[in-house]
Amino acid sequence: MAASEKEAMVWVRILEEGVFRFDASEAARAAAGPSLSFAVPRRREEPRAGGDRPAIVPVCEVVGDVQRVVVELPSGTSFYGTGESSGPLERTGKLVIAWNTDAWDYGPGTTSLYQSHPWVLAVLPDGKALGVLADTTCRCEIDLRQESTMKFSASCTYPVIVFGPFNTPSEVTTSLSHAIGTVSMPPKWSLGYHQCRYSYDSSEKVLQVVKTFRERGIPCDVVWMDIDYMDGFRCFTFSHRFPDPKCMVNDLHSIGCKAIWMLDPGIKNESGYFVFDSGSESDVWVQKEDKQPFVGEVWPGYCVFPDFTCERARSWWSGLVRQFVSNGVDGLWNDMNEPAVFNTATKTMPESNIHRGDANIGGHQNHPYYHNVYGMLMAKSTYEGMKLANSAKRPFVLTRAGFIGQQRYAAMWTGDNVSNWEHLHMSIAMVLQLGLSGQPFAGPDIGGFAGNATPKLFGRWMGVGALFPFSRGHSDKGSLDHEPWSFGEECEEVCRLALLRRYRLLPHIYTLFYLSHTNGTPVTAPVYFADPQDLELRKIETSFLLGSLLVCASTCPDKGAHESAQKLPKGIWLPFDFGDSHPDLPMMYLRGGAVLPIGLPLKHVGEAKLDDDLSLIIALDENGKAEGVLFEDDGDGYEFLQGNYLLTYYVAELHSSVVTVKVARTEGSWKRPNRNLKINILLGGGAMVSTHGIDGEDIHLTMPTESEVSSLVATSELELKKRFEMIQPIPDIDKPLGKEVAELSEIPIDLNSEDWLVKVVPQIGGRIISMTHLPSDSQWLHSTNRINGYEEYNAAEDTAGCTEEYKVIRRYREQSGKEESICLEGDIGGGLVLQRQISICKENPKIVKIDSSIRAKQGADHSGGFSGLACLRVRPSFILQYPTEVSVVFTASNGIKREILPDSRELTFEGDLRPNGEWMLVDKRTNLSLVNCFNLSQVSICKLHWGTDHLNMELWSEQRSVSKDKPLRICHHYEVRKIN
C-alpha cells in the first residue's frame, strides 16, 4: 500500500461465528506473526460467498512504519473496554496508549498504566454491540476522542480482529473470552478478603495482624508479604525478621489464613547469590546489543532481568518457584514487571535490548516487541512453577503488569492508586473495564495505596470493595495504619458488615467465577448490561452488576447510597439486605426472575462445611417465576474437570398464591449435601416472607394477600428509615473548612473561567494537579496529589529535582470582579517562604497567570538582612496525548528558531540560547499549542526533560542570597493557541 493511501483492510473468517480478522494487505496477512493474545492458535478459513461478509470493515492507512486503523460507527455509539485504564467508564473522548508503565500515583488523565489491552467494546445506539482487538504487542495508541470513531495506531503491521456485531454486549465479551482464553478457576480461599501493607516487617507483626482480625470478628482469608520480607530485596530469600517462614505459615494456617509473597523480576547482580549464579549459568538474562546481560537499577540495586520470552528462562524461573513454594507459600505476587527500571527517562529498559524469544511467539526481537507481554510471561512462568510444586492445587498469582489474555495465569490489581475520593470513584469503572476486556479477577487497593485515607473514605471504599471480584486492602510505607480497626469504632463496624456481606455472598461469587471460567461471562458488569438499549444507563459509574445482583454505591462523601437517586434498569429490581443496612454501605437489589444463593457469615472460607445451612433469596418476575444456579466443589484442585462437582439449577414458580421452589436439574457427580434450605421471597421495600425445608426437596410457601404485602412493605420501609436515623455514620472529619483558614486541605480548589479549569491542592506544596482548556477540551496538565503536576521549590536546596512539600501557613481565595485567584505561602525552611499567586483575569480569561517568589520570612533574623542561597525552580509536567507527534518550538534570544523533538530527552538552555520570553508545546495531531510566556530577565535557565508520556518545561531563576527587599521572582503565564 502506498504511503498515506487509505483503503479497506482485507479480511478472512476465523474460528468463531461472527468473528473476523482483517489485515492491511495480502502480504501483511501472509507475513503476520503469531498471536500472543489468543489462548489457542486460530484456524484460518477463507470467506465464503453470501452472508459471511462482515458488517463492519475497518479502513487502514500506512504512513512509513505506522499502521493506522479507523473504525467508524453510527452516531451515538458508546465505547468501553481499553483494559486497565483510568478515568470514566464510557471512553468517548479519551486516548489510551497501550504501553505497560510503572504509573505510581496515576490519575484519570494518565494515558498508560501497568497493563495493555488494545481492545474496545462498542455498544451501538440500538443496544447491539461489537468489539475490536488490535492484535499487536507493540506500543499502540487507542484514540476514542472523535465521537463514534475508534482509531488504532502502532509502528508495526498488525491484524485487527472484529467480534460481531452481536445482539448484546455480553455476547461480545463471551466471544472475546473464547478467543483469548477464560479466567483460570481460582481457589475459593482467594475470593475471601486479603490484607496487605508495604510492609508487615516481621513474622510477629504478620501474626499479630491476623490474630486481630480474628479477635475483632472481621473476616479475612489472606495476609500478604511485600518486598521487605526478603534479604536485601533478593528474590527467593528471607530476611532475619522472617527466620522460619514455614513455621509462620503453619501458625497462620492454624487460624484459617493463607500467606502470599512477592517476587519481582529484578535479580541482584551479585556473584555468590544463588539465583544470579544459576541464572547466569543457564544464560537466561535479557541482553544488550553487545550480547552482554542488561543491568538496570531496581530495589536490590543493580539487577539483571530474566528473559521470559524464551522457554529456557521460563523453565528456570518455574523451577525456582517450585522450590520456593516448599516454604509454605500459598500464592505469589509479581510486581515491578512492566518491567520497571529506576533512574531512566522511560521507566523501563532500553528499546535496543534483545529478547531471545521462542520461534513460536516471534523469535529474537528488540524490547518494544515484547515489552507489553513481559509481565504476562513472567506471571505464566510463576503460575506454571506453582503447578509444578503441587499439581493438586490451583495456583494463585497476582500480577501488576500484563497483556490481554493474562487472566489465564493471574489476577490483577489496579496498581498504586491514591487515598482520595476521586480514586474511590474511579476504581469501580476500572474494575468494570477490565472485566469487559476479558480479565474478571481484578480489584483496587481498598482505601488507596498512596497517602492516608480518612475514616469515611476507607469505610465507603471497603463497602464497595468488599463486592469486587478481588478484594484486598493495601497501603504504602510511611502511611498511617490502614487495617479496618485503624479508623475508629464506626469505620471498623462498617468494614465488619461489608466483609460479612462478601462472605455471605461467596456461594454466588464463586458460581460467577465458575461461569466465567466455563463460558467467558464477566463476574462484574456495567449496569447497562441489564438493558443495553437504555442510553441513560451507559454512563452510570457508581453501580454495577454482580450477576443478577445490582450493587449501588455512593462515592460522594456528603451523601450515602440510600440518599442518592438510583437509576435502575427496566423491570423488577427489589432491595434487600442481611439486616445490615448502613448509611456508608452500598444498596443491593435483586433482579426480578432471579434466585440468589447465600451462605453463612464466616470469618474465613475454611470455616464453611458442606452441610451448612443454605439460603435462597428470590425475586419473582412479572410472571411469578425465578431461576438461579449454584456451583459447588472442593474449592481447590482440578477434580471439577472430571465431573466431581455439583451444579444446581433452582427454580421458583407462583401458582394460585403458592410459590414452589425446587431443583430443576443438576450437573456433576457430587451427591447433594444433607442440609437445611431457607427460602426468602422478596416483596419490595426490603420486606420478605420466609420458610425452610430440606435442600433437594420441593418447598412450598403461601404468599400473603395484596393488602398483607402492602402492610409488610410499609412496615419494612419504616423500620429501615428508623435504622438509618439511629445508626451513627462514620464521622466526616475531612471536610474543607472556610475560605481563610490554616487548615491543610488535600481537597482540590478550582479556578474557573470560560477558557480554563485549574485545580490546586493547598496542602501538597500548593501543587497544580490539573489544567484543562475548556474550548478545546484538552487537558494539558494532570497529576494526582503527590507527584508531577505543577510544582515549585528551592533548587539550591534540592538540586536532584524531587518534590519538596512545604507547610501552607496562609491561603486565601479572591473572587473579585476583576479576577479569580488563589494565593499560597509556604515555609520552605532556612528563613525562607515560597509565595505563589495563581489567577485568571476576567478581562482576559484565555490566560492563566502565575506569580511566584522566594522571600525572606517575616521576622527572620539574618546577618545583614540576607538569607542563604536560593534558586526558584518552576517545574510543570505536561501530559503528552500523542507522544510521537509533539515538539517544543521557540525563537532563541540569539534569533535562531528551534524545534525540539522528544528523542532529545533532556536539554538545558542558558544565555542567548534561552527562549526569548516564550516557548510552546506543539501538538501536531490536535493542531494546538500550549504557550508559556515569561519575563526573560527573571529566568536564567530553561530546561526540557522528555518522558514517555510527559514533558517538563522548567524555568530557573538565578541563584543568590535573598533578602526582604530582594526576593527571587518568576512571573509567567499559559495560554492555548491554534497552530497556523
Side-chain angles (χ1 to χ4, degrees), residues 123 126-129 167-171 505 508 511-512 515 521-522 524-538 540 543-552 565-577 586-598 615-630 648-665 677-691 693 698-717 720:
V123 183
D126 62 359
K128 293 182 179 180
N167 288 328
T168 65
S170 61
E171 291 178 65
L505 289 166
H508 176 59
T511 299
L512 291 176
L515 296 175
T521 54
T524 55
V527 180
Y528 72 80
F529 264 50
D531 184 7
Q533 295 181 352
D534 187 344
L535 300 181
E536 293 184 21
L537 297 176
R538 295 194 182 182
I540 292 179
S543 302
F544 60 91
L545 295 168
L546 199 59
S548 57
L549 172 63
L550 174 62
V551 178
C552 297
Q566 307 291 353
K567 166 67 177 174
L568 302 179
K570 70 178 180 181
I572 296 172
W573 294 89
L574 300 180
F576 73 98
D577 61 21
M587 300 285 288
M588 297 188 296
Y589 298 83
L590 187 61
R591 175 179 52 79
V595 175
L596 185 71
I598 298 297
S615 297
L616 300 179
I617 297 179
I618 299 171
L620 298 174
D621 65 13
E622 298 87 344
N623 300 312
K625 296 181 180 181
E627 60 184 12
V629 63
L630 172 65
T648 303
Y649 292 86
Y650 293 99
V651 296
E653 188 167 4
L654 174 65
H655 280 296
S656 302
S657 76
V658 175
V659 174
T660 300
V661 180
K662 63 183 179 180
V663 174
R665 61 188 177 93
L677 182 64
K678 184 176 181 181
I679 303 299
N680 306 280
I681 299 180
L682 300 178
L683 304 175
M688 63 178 68
V689 289
S690 304
T691 189
D698 290 4
I699 300 174
H700 306 284
L701 187 153
T702 301
M703 293 291 286
T705 64
E706 286 188 18
S707 61
E708 289 173 330
V709 168
S710 297
S711 176
L712 288 169
V713 169
T715 300
S716 176
E717 290 176 339
L720 185 61

Checklist entry - What residues form a side-chain hydrogen bond (donor to acceptor under 3.5 Å, both in side chains) with T715, not counting sequence neighbours? => result none
Item to check | By side-chain hydrogen bond (donor to acceptor under 3.5 Å, both in side chains) - contacts of D577 (at least two apart) | outcome: S581
Checklist entry - Who passes side chain to side chain contact (heavy atoms under 4.5 Å, CB included) against L654, sequence neighbours left out? => result L620, V659, M703
Next on the checklist: Taking the side chain as everything from C-beta on, heavy atoms only, tell me whether M588 gets closer than 4.5 Å to L505.
Outcome noted: yes
Checklist entry - Would you call V595 and V651 a side-chain contact if the rule is heavy atoms closer than 4.5 Å? => result no
Next on the checklist: Under the rule for ring-ring contact (aromatic ring centres under 6.0 Å, His included), what residues qualify as partners of F544, not counting sequence neighbours?
Outcome noted: F468
Checklist entry - Hey, does R591 have a side-chain heavy atom less than 4.5 Å from the side chain of L550? => result no
Checklist outcome for this item: Here the pair of heavy atoms bringing G685 nearest to P575 is N-CG, 3.9 Å
Checklist entry - Would I699 and T691 count as a side chain to side chain contact (heavy atoms under 4.5 Å, CB included) if you check the C-alpha gap in whole Å, the side-chain angles of each, and the deciding distance to 0.1 Å? => result CA-CA 8 Å; I699 300 174; T691 189; 3.8 Å; yes
Checklist entry - When rounded to the nearest 0.5 angstrom, what distance separates NE2 in H508 from CG in L590? => result 8.5 Å
Checklist entry - With sequence neighbours excluded, what pairs up with S170 under the side-chain hydrogen bond (donor to acceptor under 3.5 Å, both in side chains) test? => result T168
Checklist outcome for this item: With sequence neighbours left out, the residues meeting side chain to side chain contact (heavy atoms under 4.5 Å, CB included) with S690 are K678, N680, M688
Checklist entry - Just how far is it from atom NE2 of H655 to atom NE2 of H700, taken to the nearest 0.5 Å? => result 11.5 Å
Checklist outcome for this item: Closest non-hydrogen contact found for L683 with L712 is CD1-CD1, 3.7 Å
Checklist entry - In chain order, what residues pass the side-chain hydrogen bond (donor to acceptor under 3.5 Å, both in side chains) check against D534, with sequence neighbours excluded? => result K567
Checklist entry - Which atom names give the shortest non-hydrogen contact between A687 and S716, and what distance separates them? => result N-OG, 3.3 Å
Next on the checklist: Show the nearest heavy-atom pair for residues L546 and L512, with the distance to one decimal.
Outcome noted: C-CD1, 3.7 Å
Checklist entry - Could you give the distance from CG (L574) to CD1 (I618), rounded to the nearest 0.5 Å? => result 12.0 Å
Name every donor-acceptor pair, under 3.5 Å, that has one atom in a side chain of residues 623-630 and the other anywhere in the protein, sequence neighbours excluded.
none

Checklist entry - How close do I572 and D621 get, heavy atom to heavy atom, and via which atoms? => result CD1-C, 3.8 Å
Item to check | Note, L545 side chain near P526 side chain (heavy atom, < 4.5 Å) | outcome: no
Item to check | Residue list, side chain to side chain contact (heavy atoms under 4.5 Å, CB included) with R538, at least two apart or on another chain | outcome: S78, Y80, V123, Y528, L535
Item to check | Residues forming a side chain to side chain contact (heavy atoms under 4.5 Å, CB included) with E708, sequence neighbours excluded | outcome: P704, T705
Checklist entry - Is a side-chain donor or acceptor of S710 paired with a backbone partner of E706 at a separation under 3.5 angstrom? => result yes
Checklist entry - Checking side chain to side chain contact (heavy atoms under 4.5 Å, CB included) for the pair T660/E653: CA distance, chi angles, key distance, verdict? => result CA-CA 5 Å; T660 300; E653 188 167 4; 5.7 Å; no
Checklist entry - Looking only at heavy atoms, what is the nearest atom pair of P522 and F529, with distance? => result CG-CE2, 4.4 Å
Item to check | Side chain proximity check, Y589 to L549, heavy atoms < 4.5 angstrom | outcome: no
